[in-house]
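Letters A, B, ... mirror the listed sequences (proteins, then strands); counts begin at 1. Please read all numbers here as calculations on a predicted model, not as lab measurements.
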Amino acid sequence: MTQYWLAKSEPDVYSIDQLQKDGSTGWEGVRNYQARNSLRAMKKGDLLLFYHSNAEPSGLAGVARIKKEAFPDLSALDPKSEYHDPKATAEDPRWSSVEVEFVETFARVIPLTELKADPALAGLEVARKGSRLSVTPVSEAHFHYLVKLGRKG
DNA sequence: GCCAACGTTGGC
DNA sequence: GCCAACGTTGGC
C-alpha cells in the first residue's frame, strides 16, 4: 500500500528544480527524531510532497517518490558537514536518510497561506500553526487533493 | 530581524 | 523525572 508524505527543504539549499536536474538525491540532514521515524517508515514507491520552506512563497512545489528505503545518514558522522552530529558513531549513526526521485513539478507553488485557508485540508500538519516538523505523513485524500491543486496552475 | 512554538540538554 | 535555559525552525 502506498503511503504519502511531506518533506520540507529550503530551496536555497535544495529545490525541486535541483531534484529534477539530479533525477534523484539522498534526503540528508533530518535531525529530529519524529521526522527521522517518518523517514524510517517510508517504503519504496511511497509518494512525497516537496515543500519549499523559507521561500517566496513558502509552499508545495511538487512530488517525489521514495527510491530507496532508510539507510544511515552518514553526513552525521562527517565533522565537515553542516549536518554533523558529534553524538553519532559508525556503530550507531542515529540518523537516517532515504533516496528520493523526481516525479513532477507543480504548475505553481501552492502557498502555505492557501493550505491554511482551505477547509478541505484541515489536519494537514504543515498547515498547523507553529509546525516545525520537516517530515510528516499526509493522508491519501489530502495528497490527491493537493496534487490536483498543484497541477491546475 | 522578530518571535512563536517547539525540541534538546543538563543540573538537580 | 522535573524543568529552566538554550537552540532551532520557519513564518512573517
Side-chain angles (χ1 to χ4, degrees), chain A residues 3-22 25-42 46-66 69-100 102-139 142-143 145-153:
Chain A
Q3 304 176 97
Y4 302 91
W5 307 94
L6 180 150
K8 298 178 182 177
S9 179
E10 300 190 25
D12 291 347
V13 178
Y14 198 89
S15 67
I16 187 114
D17 291 343
Q18 191 60 47
L19 179 60
Q20 179 163 24
K21 280 179 201 145
D22 294 345
T25 191
W27 202 272
E28 292 186 333
V30 170
R31 295 294 177 267
N32 167 285
Y33 286 105
Q34 234 182 305
R36 183 202 68 180
N37 291 343
S38 285
L39 288 180
R40 290 184 176 178
M42 290 177 180
D46 283 0
L47 293 168
L48 177 80
L49 291 163
F50 198 118
Y51 180 89
H52 281 172
S53 60
N54 275 323
E56 210 37 70
S58 291
L60 291 171
V63 178
R65 184 188 299 112
I66 309 307
E69 295 175 15
F71 52 92
D73 181 350
L74 297 179
S75 68
L77 300 177
D78 179 0
K80 291 196 283 288
S81 169
E82 61 173 315
Y83 302 129
H84 179 236
D85 177 359
K87 291 184 177 162
T89 63
E91 295 73 35
D92 178 18
R94 283 176 50 142
W95 305 110
S96 295
S97 188
V98 294
E99 184 84 10
V100 305
F102 176 80
V103 175
E104 67 178 282
T105 300
F106 287 157
R108 63 178 182 119
V109 170
I110 310 173
L112 178 61
T113 50
E114 192 174 327
L115 302 180
K116 285 184 166 168
D118 192 335
L121 295 172
L124 184 70
E125 171 64 23
V126 77
R128 231 191 72 237
K129 185 182 171 173
S131 170
R132 296 189 309 162
L133 264 185
S134 62
V135 186
T136 56
V138 173
S139 75
H142 281 167
F143 180 87
Y145 180 84
L146 288 163
V147 168
K148 247 181 240 167
L149 269 188
R151 283 178 181 157
K152 260 201 293 198

**OP:** Test Phe71(A) against Trp95(A) for ring-ring contact (aromatic ring centres under 6.0 Å, His included), laying out the working first.
**Re:** CA-CA 9 Å; Phe71(A) 52 92; Trp95(A) 305 110; over 10 Å; no

Subject >> Test applied, ring-ring contact (aromatic ring centres under 6.0 Å, His included); reference residue, Phe50(A); option that passes from Phe106(A), Trp27(A), Phe102(A) >> reply: Trp27(A)

Subject >> Phosphate OP1/OP2 of dA4(B) contacted by Lys129(A) side-chain N/O (<4.0 Å) >> reply: no

Original post:
Do the non-hydrogen side-chain atoms of Asp46(A) and Trp5(A) ever get within less than 4.5 Å of each other?
Top reply: yes

Subject >> Heavy-atom protein contacts under 4.0 Å, nucleotides 7-12 of chain C, coded B base, S sugar-phosphate only, - none >> reply: BBBBBS

**OP:** Taking all heavy atoms of Arg94(A) and all of Arg40(A), pick out the closest pair and write down the distance.
**Re:** O-NH2, 3.3 Å

Original post:
For the helix from dG1(B)-dC12(C) to dC12(B)-dG1(C), what is the angle between the axes at its two ends, each from 5 pairs, rounded to 10°?
Top reply: 10°

Original post:
Between Ser38(A) and Thr136(A), what is the shortest heavy-atom contact and its length?
Top reply: OG-CA, 4.4 Å

**OP:** Would you give the length of the straight line joining atom CG of Asp12(A) to atom CD of Gln18(A), rounded to the nearest 0.5 angstrom?
**Re:** 12.0 Å

Subject >> For the student: nearest non-hydrogen atoms of Ala90(A) and Leu77(A), plus distance >> reply: N-CD2, 3.8 Å

Subject >> Asp85(A) vs Arg31(A), salt bridge (charged side-chain N to carboxylate O under 4.0 Å, His left out): CA-CA, chis, key distance, verdict >> reply: CA-CA 9 Å; Asp85(A) 177 359; Arg31(A) 295 294 177 267; 5.3 Å; no

